[in-house]
Amino acid sequence: MRSNSCGDLRKEHISTAVTLCGWIDRCRDHGGVIFIDLRDSSGTIQITVDPDQGKEMFSIAESLRNESVLQIKGVVRARPLEAVNSKLKTGEIEVLASELNVLNPVRGNLPFTVSIHDEESIREEVRLKYRYLDLRRERMSKNLRTRHKTIRTVRNFLEEEGFIEIETPILTKSTPEGARDYLVPSRVCEGQWFALPQSPQIFKQLLMVGGIEKYYQIARCFRDEDLRADRQPEFTQLDIEMSFMNQEQILDLNERLIATIWKNIKGVELPRPFPRITWEQAMHRFGTDRPDTRYGMELHDINDIARSIKFKVFSNAVLSGGSVKCINVKGGNQSISNVRIKPGGDIFSEAQKVGAGGLAFIRVRESNEIDTIGAIKENLNEDQKNELLQRTDAEPGDLILFGAGETSTVNKTLDRIRQFLAKELGLISKENNDKNWNFLWVVDFPMFEFNSDENRLEALHHPFCAPNEEDLGHNPEIWSKQLPKSRAQAYDLVLNGLELGGGSLRIHNSDLQKAVLKTVGISENEAIKQFGFLIEALDMGAPPHGGLAFGLDRIMMLLMGEESIREAIAFPKTQQARCLMTQAPSETSTLQLEELSIKMDLKTPE
RNA sequence: GGGACCGUAGUUCAACUGGUUAGAGCACCGCCCUGUCACGGCGGAAGUUGCGGGUUCGAAUCCCGUCGGUCCCGCCA
């Protein structure tokens with residue numbers, strides 16, 4: 001059908017006869033001569049149609065429309081010197097057409113133009129409905145190619161390291177804890193349901209028991225939770241698991257993998273080893289377990305000062321078991337007005353979104369005079385003031401913002417304000433260099449966190465993470481006592497404040513596994529019922545093992561410089577988990593439901 | 001479940017404080033044009049202002065509901 005690809009033609013092809021196929025990117029009809037920009041996946045080339053080469057062909061050319069599919073035969077020739085287009089890779093040449101074949105004409109209106117020159121931002125709703133057209137645009141086509149190249153890099157790297165790729169079931173069993181499952185009814189086993197995997201966690205552990213030693217998978221995962229710009233109901237994990245390796249070795253391997261990806265895709269040499277921070281330090285210094293360490297503005301705990309201060313918002317926060325923390329916005333006196341911090345202001349609104357009642361502030365003036373509301377100024381003695389300024393490293397011109405209240409709210413608030421202001425004040429450089437790709441391992445997560453709604457402990461990662469051996473001790477008798485305050489051998493990889501992935505060493509001792517499940521409220525009976533198969537497997541020679549899973553779509557989004565995960569996925573879903581192209585999900589026939597023994601009981605609107 | 005923003009021609013936008021026949025670019029159709037490359041020129045067609053209701057002499061504009069999209073909170077080990 002074709003002899004060459006459009007974008008591959010160069011000067012050395014001059015005088016060769018070629019047959020090309022592609023889409024019409026644009027036409028320029030000059031009456032006596034017509035130029036067609038023909039585009040295929042390799043690029044674009046100019047086709048020149050001259051009436052001297054055939055009247056019939058010329059009249060076809062006169063009726064062409066953008067995006068029609070065209071086959072052309074012709075000869076490559078040099079463009080006249082003055083007509084060379086340096087913007088095109090093929091700009092020194094053109095193809096003089098001798099035959100045009102419309103393989104498929106466009107009929108009706110196109111919802112939007114594909115040509116890269118139309119940089120208009122089309123409404124995403126329209127892009128998603130006609131995704132196949134959107135994919136023809138340079139941006140998406142480039143993104144999909146980047147994705148492919150990244151995955152190929154991953155496969156090559158892991159292949160070299162001796163890993164093998166294994167698929168695990170999509171129709172599987174619901175896992176405990178975690179997100180809401182997508183369910184699939186079984187026709188054969190009436191009344192029973194499969195769950196789509198939230199991750200291949202248990203299967204990959206069983207592969208280790210199966211003696212695979214080094215496994216990976218580009219695995220589709222499903223979670224029926226509400227969506228965000230970086231969250232889709234089905235998403236892809238790069239899932240890795242290995243046996244007989246300690247945490248140090250696992251982190252090293254993954255660092256090399258990430259460094260290889262960034263080298264291949266972004267051409268950046270990442271400095272290794274990646275810095276590490278403990279979970280405790282991350283929470284203390286940044287108020288989050290995924291800190292963005294590209295800029296300062298770290299959190300300072302001032303509970304000791306706040307406790308004795310006569311400003312009730314502060315002292316009450318401490319006395320009721322909460323915290324008072326602050327960040328120092330360098331030069332904030334000038335860049336941030338009071339209006340923005342007070343109700344109605346943008347900074348206030350940011351704080352409000354995560355539950356803060358407001359933000360107290362102190363402006364540091366000349367000779368360390370402070371400018372703030374009376375309630376603080378009058379109740380802060382000289383020593384307290386000096387201690388505060390010293391601790392926050394404050395100088396004249398700085399603005400100190402405070403959060404007071406429940407510790408988790410304070411942390412969330414200041415973390416969010418910190419990120420918001422960093423963006424606002426231009427503290428983040430977008431340049432593609434090793435300093436701006438700020439990787440960070442967060443290690444030593446706690447095993448559990450308390451869920452106050454359900455009044456019980458929950459696994460912070462998942463209930464298969466191995467506890468820190470020192471914290472646990474070697475006496476199984478006291479495991480259940482030690483576990484709640486143990487750290488886990490778990491780690492997250494964070495990039496610029498986004499969690500890219502995480503993992504852990506796993507439990508390979510069945511007693512310990514049962515003890516951990518019991519800690520999160522799953523009795524031994526229940527444990528046997530739900531994962532007897534795993535617990536049994538642990539007693540049949542399960543090797544020490546561990547691994548990690550990366551959110552591949554999120555990594556892609558960052559590599560592509562996109563703001564939404566949807567740009568990294570060929571056919572993404574909307575925030576209501578709907579596919580605008582296929583109109584899924586949709587109603588089904590009663591026959592299908594009958595076969596599945598399902599009756600619907602729809603909530604009627606009140 | 002909650003908060004915020006958005007929906008006008010195929011598409012991107014405009015239409016003042018509620019006031020004549022809802023305008024413009026691109027795309028589309030017709031005519032002209034032999035070196036353009038986001039070609040150019042002249043003309044034309046194109047609208048249930050997402051949908052339903054209300055207020056009003058009068059609604060794209062104000063109010064209520066609803067559908068859809070985006071961002072966020074909750075949620076997402």
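All values reported here derive from a predicted model rather than from experimental measurement. All chains are named by letter (A, B, ...) in the order of the sequence lines, taking the proteins before the strands, and each is independently numbered beginning at 1.
- Put simply, the side chain of Gln198(A) and the base of C76(B) share no donor and acceptor less than 3.5 Å apart.
- Contact of Gln46(A) with U36(B) (side chain to base): a donor-acceptor pair of N or O atoms is detected under 3.5 Å.
- Contact annotation for Ala83(A): base contact, defined as any heavy-atom pair under 4.0 Å involving a base atom.
- Each of Gln237(A) and Gly31(A) lies near RNA chain B, and the nucleotide nearest Gly31(A) is the one positioned closer to the 5' end.
- Of the candidates U34(B), U70(B), C28(B), U34(B) carries the atom nearest the Asp50(A) side chain, counting heavy atoms from C-beta on.
- Comparing the P positions of C33(B) and C42(B) gives an interatomic distance of 16 Å, to the nearest angstrom.
- Under 3.5 Å, the side chain of Arg223(A) and the base of C75(B) form no donor-acceptor pair of N or O atoms.
- More than 12 heavy atoms of other residues, nucleotides or ligands lie within 6.0 Å of CD in Glu562(A), so this atom counts as buried by the packing criterion.
- With G10(B), A27(B), G69(B) as the choices, the nucleotide that has an atom nearest any side-chain atom of Leu580(A) turns out to be G69(B).
- Residue-level contact check: Arg578(A) touches the backbone only, with heavy atoms under 4.0 Å from sugar-phosphate atoms and none from bases.
- Taking 4.0 angstrom as the limit, Arg28(A) places a side-chain polar atom (N or O) nearer than this to OP1 or OP2 of C39(B).
- Pair assignment for G68(B): C6(B), on the basis of Watson-Crick or G-U wobble contacts that are both within less than 3.5 Å.
- Of the N and O atoms on the side chains of Ser486(A) and Asn468(A), not one donor lies less than 3.5 Å from an acceptor on the other residue.
- The separation between Asp226(A) atom CG and C71(B) atom P is 13 Å, rounded to whole Å.
- With C1' as the reference atom, U21(B) and C26(B) are 25 Å apart, rounded to whole Å.
- Nucleic acid contact for Asp29(A): base, since at least one base atom lies under 4.0 Å from a heavy atom of the residue.
- Between Arg26(A) and Ser115(A), the side chains place a donor N or O and an acceptor N or O closer than 3.5 Å (distance only, hydrogens not considered).
- Using a 4.0 Å heavy-atom criterion, one finds that Arg127(A) contacts no nucleic acid atom at all.
- Scanning all heavy atoms of the two residues, the minimum distance from Lys173(A) to Gln530(A) falls at CE-O, 3.1 Å.
- Spacing between A59(B) and C64(B) at atom C1', rounded to whole Å, works out to 15 Å.
- Of the P atoms belonging to C32(B) and A38(B), the separation is 26 Å, rounded to the nearest Å.
- Rounded to whole angstrom, the span from the CD atom of Glu67(A) across to the C1' atom of A27(B) amounts to 12 Å.
- Here the separation of C5(B) from G30(B), taken at their P atoms, is 45 Å to the nearest Å.
- Judged by ring centres under 5.5 Å apart and planes tilted less than 30 degrees, His30(A) stacks against the six-membered base ring of C39(B).
- Residue contacts for Ser349(A): at a heavy-atom cut-off of 4.0 Å it reaches no nucleic acid atom on any strand shown.
- Note on Gln576(A): only backbone sugar-phosphate atoms sit closer than 4.0 angstrom, heavy atoms only; bases stay farther off.
- Among the atoms of the strands shown, none is found under 4.0 Å from any heavy atom of Arg39(A).
- Counting any heavy atom pair closer than 4.0 Å across all strands shown, Phe112(A) reaches no nucleic acid atom.
- Between the side chain of Gln198(A) and the backbone N or O of Ala179(A), at least one donor-acceptor pair lies under 3.5 Å.
- Across the protein-nucleic acid pair, Leu227(A) atom CG and U70(B) atom P stand 9 Å apart, rounded to whole Å.
- Taking the six-membered ring where the residue is Trp, Phe464(A) and His462(A) present tilted rings, their angle falling between 30° and 60°.
- What separates OH of Tyr182(A) from P of C75(B) is a distance of 18 Å, to the nearest Å.
- Side-chain polar atoms of Ser504(A) and Arg506(A) form a donor-acceptor pair below 3.5 angstrom.
- Rounded to an integer number of Å, the gap from CG of Leu128(A) to P of C6(B) is 21 Å.
- In this model, a donor atom of one side chain and an acceptor atom of the other lie less than 3.5 Å apart for Asn451(A) and Glu458(A).
- The separation of G68(B) from C63(B), taken at their P atoms, amounts to 22 Å, rounded to a whole angstrom.
- Heavy atoms of Lys129(A) sit nowhere under 4.0 angstrom from any nucleic acid atom.
- C33(B) atom C1' lies 11 Å from atom CD of Glu62(A), rounded to whole Å.
- U55(B) and C62(B) are spaced 8 Å apart, taking the C1' atom of each and rounding to whole Å.
- Comparing U70(B), G68(B), C13(B) by their closest approach to the side chain of Glu125(A) singles out G68(B).
- In a base pair of the Watson-Crick type (N1 to N3 plus N6-O4 or O6-N4) or a G-U wobble (N1-O2 and O6-N3), with each distance short of 3.5 Å, G30(B) is matched with C42(B).
- Taking side-chain N and O atoms only, Arg26(A) has a distance below 4.0 Å to OP1 or OP2 of C39(B).
- Among the heavy atoms of the strands lying under 4.0 Å from Arg566(A) are primed sugar atoms or P, OP1, OP2 only; no base atom is included.
- Comparing A45(B) with G23(B), their C1' atoms sit 16 Å apart, to the nearest whole Å.
- Across all strands shown, Glu499(A) has no heavy atoms under 4.0 Å from either base or sugar-phosphate atoms.
- Between the side chain of Glu94(A) and the base of G35(B), a donor-acceptor pair under 3.5 Å is found.
- The phosphate of G2(B) (OP1 or OP2) has no side-chain N or O of Lys353(A) nearer than 4.0 angstrom.
- The shortest distance between the side-chain N/O atoms of Thr113(A) and the OP1/OP2 oxygens of A27(B) is not below 4.0 Å.
- A donor and an acceptor atom, one from each side chain of Thr168(A) and Gln217(A), are located under 3.5 Å apart.
- Rounded to an integer number of Å, the gap from CZ of Arg123(A) to C1' of C26(B) is 16 Å.
- Straight-line distance from the CZ atom of Arg79(A) to the P atom of C39(B): 12 Å, rounded to whole Å.
- U20(B) is unpaired under the criterion used here, namely a Watson-Crick or G-U wobble arrangement in which both key atom distances are under 3.5 Å.
- In terms of position along RNA chain B, the nucleotide closest to Gly355(A) lies nearer the 5' end than the nucleotide closest to the other residue of the pair Gly355(A) and Gln201(A).
- Using modelled atom types, one finds no donor on one side chain facing an acceptor on the other under 3.5 Å when comparing Arg554(A) with Gln237(A).
- Contact annotation for Gln575(A): base contact, defined as any heavy-atom pair under 4.0 Å involving a base atom.
- Residue-level contact check: Arg180(A) touches neither bases nor backbone, having no heavy atom under 4.0 Å from any strand.
- The residue Pro80(A) sits close to a base: some heavy atom pair falls under 4.0 Å.
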